[in-house]
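This report concerns only the one structure given below.
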Amino acid sequence: MGTILKEYKYTPAKIVHGYSGKSLYINLSDLRIEEKVVTEFMKEKFTGGKGFDLWYLWNAVTPETRWNSPENEIVMSVGPLGGITQYSGTGKTLVASISPLTDIPIDSNAGGYFGPLLKFSGWDAFEIQGKAEKDIIIFIDGNNGLIEIKEAEEYPEDSHVLAEQLTREYAEDEDDMVNVSVVSSGSAAKHSLMGLLNFSFYDPRRKTVRFKQAARGGLGTILRDKKIKALVVKYKGITPNLNNAADLATINKVGVKYHKQMHDLDSKQNKMRQIGTANTVMIMSQYDLLPTRNFQTGGDPEVVKIAPEVFINEWLTQGLHDGCWYGCTMACAKCADHFLLTSGPYAGERVTVDGPEYECVAGLGANLGIFDPQAILEENFYCDTYGIDLISYATTVAFIMECYEREQIGPDHTGGLELRFGNASASLELMHQMSRGEGFGKLAGLGIRKLKKIFVEEFGADADLLEDIGMEVKGLEYAEYAHKESLAQQGGFALATKGPQHDEAWLIFMDMVNKQIPTFEDKANALYYFPMFRTWFGLVGLCKLPWNDIVPSDNYKTSEPAKVPEHVQNYVDIFNAVTGEDIDKDDLILQSERVYQFQRVFSVRMGKGERKDDYPPYRSLGPVSAEEYLSRKELYDKQLRDFQGLDPEKMSLDEKIAKLRAYREDQYEQLMDAVYRRRGWTMNGIPTPERLKEIGMDLPMLLEVVEPKQ
Amino acid sequence: MIKVNTEDYPWHSGMTVRNLLDEKLFTFRHIIVRINGKYVPEEDYEHFTIRDGDDVIVLHLIAGG
């Protein structure tokens with residue numbers, strides 16, 4: 001099905017020490033396909049994965065490029081460790097582009113088979129530039145060295161249908177289906193700015209296609225703007241050493257040690273193999289960290305209805321190995337099988353729902369005031385198949401619901417949808433509207449930053465209130481953690497380069513509960529180390545979860561248990577064993593910082609990435625409303641007494657809210673100063689030439705951006 | 001009065017580690033307890049008695065999310 005528009009034959013490069021040494025470039029405007037050499041410079045400065053993505057992206061765009069400019073690229077890379085099968089979490093694909101939500105580089109990552117199969121097909125990275133005239137599919141046959149671009153007007157859009165069809169089409173038979181992986185989005189991606197990418201893998205036990213998502217920042221929107229319906233890769237012949245590692249014995253040894261920990265400890269620790277990341281929902285609520293009703297509070301008595309045990313006992317299939325790449329014993333990609341849909345175009349069908357992940361239960365559940373596991377799973381399914389980033393969706397709808405309840409918008413604006421907290425059917429209808437590009441759902445797909453402007457300018461809403469309660473920074477919606485009481489995490493979100501996603505730093509326990517980082521300098525050190533360390537996963541193609549969602553039983557004896565030193569050493573050992581390099585744990589941080597600072601300068605180059613862009617909405621820092629203050633009255637009154645020397649008994653509620661706000665906003669300013677100093681930035685948030693030189697990144701292209709701003 | 005993670009916390013006679021964890025709603029699984037610098041194994045939580053003035057550290061071992 002579909003006319004072939006272009007064919008390109010190539011000789012798949014042999015992978016040596018984790019790198020094929022080649023990257024693939026496709027321009028859809030003129031159907032040009034080229035091979036590029038991955039240089040030693042790229043490996044030294046950018047390592048791989050997200051580093052390669054950002055390097056190629058920098059060279060493709062100008063400061064004037066926007067998400068839908070033809071020259072914007074989608075770049076993906078798996079990293080030098082990607083695809084090894086001896087350790088957990090080694091199948092991540094890193095994707096970068098200029099985001100429609102933020103206008104700066106976004107990076108997002110996903111499991112699934114696409115990235116490793118792409119590398120084993122001979123490509124360390126894959127750039128897609130330009131725009132096709134009609135819907136197309138790009139197919140990469142890694143065994144036969146063939147790339148095809150073909151018309152795809154007749155293929156469906158929604159991922160669960162499209163990926164199933166393509167997997168069957170490109171596989172020779174049932175056994176061959178595991179060798180095919182599809183990247184796709186869905187019908188809502190072309191009508192919203194929060195489209196995601198689904199990365200497929202075929203599950204032979206369930207005989208169905210499963211998905212992991214590179215969800216953040218609108219990558220699916222860009223995919224559809226380029227008129228790409230799907231990317232398909234096929235590679236048959238996965239064996240344990242396709243990376244041709246320099247020292248396979250060490251990888252095996254480290255892997256065996258790790259898998260034993262997983263076997264012995266997971267059931268006593270996070271139960272990742274039973275429930276996946278959603279294991280923390282009740283814990284987050286008990287620690288006042290579960291975002292509830294647009295981050296107003298940190299938990300709710302009703303959360304027991306969506307507790308992990310509910311999903312384990314009533315919804316999620318147990319006892320199957322749910323890894324999203326070979327060799328992962330964490331196997332946390334849980335799913336609800338034979339789930340009966342009750343709304344939308346697929347109502348009445350039984351489907352497999354991938355998830356729910358923690359972000360799904362927290363975002364589509366608690367943050368919308370929806371404490372109904374069935375409704376959460378249905379929202380989960382439709383977000384995925386329609387190609388909607390559920391984090392941006394959930395945080396946006398939470399904002400809309402609060403605006404509705406505070407009468408900033410009404411049914412006249414929403415087309416009659418009663419978008420109040422707890423109304424699951426209204427949320428689902430909004431999602432269906434988004435997929436059809438209709439009504440208020442289409443508007444919601446613009447995300448919070450644009451909605452604030454529309455609500456104020458066209459609907460007459462209160463601008464100050466909306467600035468306070470709209471949970472976005474840089475244009476990206478917050479991930480699903482309540483964090484008002486952790487100054488470090490306020491910075492962890494708002495100072496994150498791409499926007500408030502928690503993959504840079506999650507410091508709430510260290511800061512709020514353990515009180516391990518009391519000073520600004522302590523917090524700044526944490527906001528240096530953890531973002532740098534966690535960046536590294538994205539450079540090499542690894543999943544972060546195996547690092548600290550299981551820890552060695554004697555981890556507590558170490559001097560810095562939060563860092564999980566044994567697992568850090570595992571990563572050092574594996575990196576050296578695959579690549580033949582000789583790095584230590586400090587070199588690992590250096591590799592990361594080179595890319596981290598590069599991305600910050602990239603943001604500056606695109607017009608963001610300065611101090612003005614690092615401010616959170618006040619709801620991130622403290623209580624906006626009387627109800628929020630009263631929900632933690634004892635704590636806030638104590639802080640007024642202890643930190644400001646005030647007597648709350650003699651103050652009105654409005655005075656207390658105002659005084660606390662002044663204090664907390666000042667604390668955040670001081671945190672920014674400390675973090676900027678620690679990261680080697682000016683007080684305006686610009687990396688200094690001196691710091692760039694120290695880490696070997698004083699490249700002329702970067703200095704040209706930062707020097708005028710010193 | 002005792003210290004829990006550097007902050008004052010009311011002490012009562014017979015308070016065990018388990019009592020303290022329950023009172024503080026410290027339900028996270030990855031925690032370790034040190035009292036006056038000495039590690040308290042999990043199997044001792046039920047009967048290990050905290051004394052008035054003790055310095056209790058309850059470390060939640062995750063920087064994840």
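Every heavy atom of this structure was used, including side-chain atoms; hydrogens, water molecules and symmetry mates were not. Naming: A, B, ... by sequence-line order, numbering from 1 per chain.
A distance of 9.0 Å separates CD of A:Q269 from CG of B:L61, quoted to the nearest 0.5 Å. In this structure, B:R29 CZ and A:I283 CD1 are separated by 4.5 Å, a value rounded to the nearest 0.5 Å. Atom-to-atom distance recorded for A:K557:NZ and B:I32:CD1 is 11.0 Å, nearest 0.5 angstrom. Going from atom NZ of A:K268 over to atom CD of B:E42 covers 9.5 Å, rounded to the nearest 0.5 Å.
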Step-by-step side-chain contact (heavy atoms from CB on, under 4.5 Å) determination, A:N270 to B:H30
CA-CA 8 Å; A:N270 281 349; B:H30 285 256; 3.4 Å; yes

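A:Y556 has its side chain out of reach of B:I31: every pair of non-hydrogen atoms, C-beta onward, lies at least 4.5 Å apart.
Heavy atoms of A:D511 lying under 4.5 Å from chain B are absent altogether. For a residue to count as touching a neighbouring chain, one of its non-hydrogen atoms must lie under 4.5 Å from one of that chain's; by this rule B:T27 touches chain A with backbone and side chain alike. For a residue to count as touching a neighbouring chain, one of its non-hydrogen atoms must lie under 4.5 Å from one of that chain's; by this rule B:F26 touches chain A with backbone and side chain alike.
The number of heavy atoms from other shown groups lying within 6.0 Å of CD (B:E43) is above 12. By the neighbour-count criterion of 12 heavy atoms within 6.0 Å, atom CZ of A:R641 is densely surrounded, having more than that number from other residues, nucleotides or ligands. Counting heavy atoms of neighbouring residues, nucleotides and ligands inside a 6.0 Å radius, atom NE2 of A:H263 does not exceed 12 of them.
The backbone N or O of A:V513 sits less than 3.5 Å from a side-chain atom of B:N5, completing a donor-acceptor pair.
Between B:H60 and A:Y287, the gap from one ring centroid to the other is short of 6.0 Å.
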